[in-house]
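Scroll down for the structure; my scribbles are underneath it.
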Amino acid sequence: MIEGESSRSRKVALFVTGGIASYKACEILRGLQKNGCDVRVAMTEAATEFVGPKTFEALTAHEVYLDVFESSSPIPHIELAEWADIALVAPATANVMAKMAYGIADDMVSTALLACSCPIIVAPAMNVHMWENPATQQNAETLESRGVFLVGPATGSLACGDTGTGKLAEVDQIVSATLARLRASSDLAGKHVVITAGPTHEAIDPVRYLSNASSGKMGYAVAEAAAAHGARVTLVSGPVALPAPTGVAVVHVTSAQEMLDATVDAFATADAAILAAAVADYRPAVQADHKLKKGKEDLSSIELVENPDILATISKDRGDRIVIGFAAETNDVIDNAKKKLARKGCDLIVANDVTRADSTFGSDTDSVTLVGVHSETEYPCMPKAEVANVIVSELAHMLEPEVPVTDATIVLPVGDNNAREEEQDSTC
Ligand code: CTP
């Protein structure tokens, strides 16, 4: 068991759904309690066929949440959702994952999960064919893309007699993931982080501009992750079609010069910056104040001047603050990222190969390598929400080295969960 783990937020809502692995929820509960967590349990009716609610009542000294209408609390599902610092669904059946993916709320467990605004961890356990069914795979992907962490399932012999992927992950692994996520939810508390995202538009005239294909998804995911880690976040965003992430202050800008001004302004009170924007390197030397007319005015060539480099500018005067940049490359990815790190003078570069099918502009997944002055850490293809979490977790570690980099162990479970990694790779 994990010794010496501590986390400031420790209230865990444990959702037990119906499967033979339900009995392992008792061990998970004990593991969390041994590490200082206060646990409350909600069960589906099917789960009560495997383990009696009295067991959990005795272990937690709390009433088990079973029914939205028959409870000593007037609104039990909201009470539980608001109380929890984290929700853990273990074991999670294919059915509860489908309900979560589609927002169905038809019993105590699914209704409370829909009301949860805290981080959610799901530990699936089911028959291999149910896990491999495209419907379950799609639901798992949907949940991951919304920032839900999946731990497992593992591969091995299953209770139904089949062998394959579908086994509940090891108890220790589920407990570690929960503790790590609890800790992560406050490891940037009190910190102000500035993030840039999206493209910039460089005006040629009032209706034409130069730009690039950046969707802004990565920067927005990083902003969301930083807020989830407890940071105050200022997101300086170029023109994108994305909703503002919850709890994030967005400053909308259009051009590189506007992005520079807003970033420098926000960075004055910040502890760190993560610059994910695809800033246009050049702008037209002259911006016409009227729509240029074909034939009357020369549109066959446009004189360009270089834009300011925001990353290099803020890295220069950063002092002991941390600055992280990105490098979207098409060849010699690591070599170019190292050169960029030195040229821009920042602390870390998130390098990605945009020629890979899973890492193009606009995709929902990314394969990145974190390149530091003395380090290089390669990650497999992951949903952007998970990549963002890895970057933000690394930032927390860089700001306070005693904070361990933990989230990678959540998103890339070890041991039995190699199957999950392989499965992730094959879907990416
Ligand atoms: N960047 C910036 N300001 C610029 C250009 C880039 O802040 N004017 C930042 C990006 O947000 C990113 C990093 O610098 O974090 C690298 O961006 P990239 O476009 O890959 O590098 P460039 O400096 O433009 O170099 P090149 O296009 O030659 O690869």
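Read the numbers this way: they start at 1 and go in the same order the structure lists the ligands and their atoms. None of these values were measured; they are calculated from a predicted model.
- For the 3.5 Å distance criterion, the side chains of T142 and N139 fail to qualify, holding no donor opposite an acceptor.
- Residues lining ligand 1 at a heavy-atom distance below 4.0 Å are given as L275, A277, V279, D281, P308, D309, I310, L311, G325, F326, A327, A328, K340, R343, K344, ordered by chain and residue number.
- S237 and Y220 share a donor-acceptor pair across their side chains, judged by distance under 3.5 Å alone.
- The side-chain tip of R321 points at the ring of F267 from less than 6.0 angstrom away and within 45° of straight on.
- The shortest heavy-atom contact between D187 and H229 is OD1-ND1, 2.8 Å.
- Tested against L395, the residues V390, I324, V222 include a single side chain to side chain contact (heavy atoms under 4.5 Å, CB included) partner, I324.
- Ring orientation note: the planes of H201 and Y209 are close to parallel, at an angle under 30° on the 30°/60° scale.
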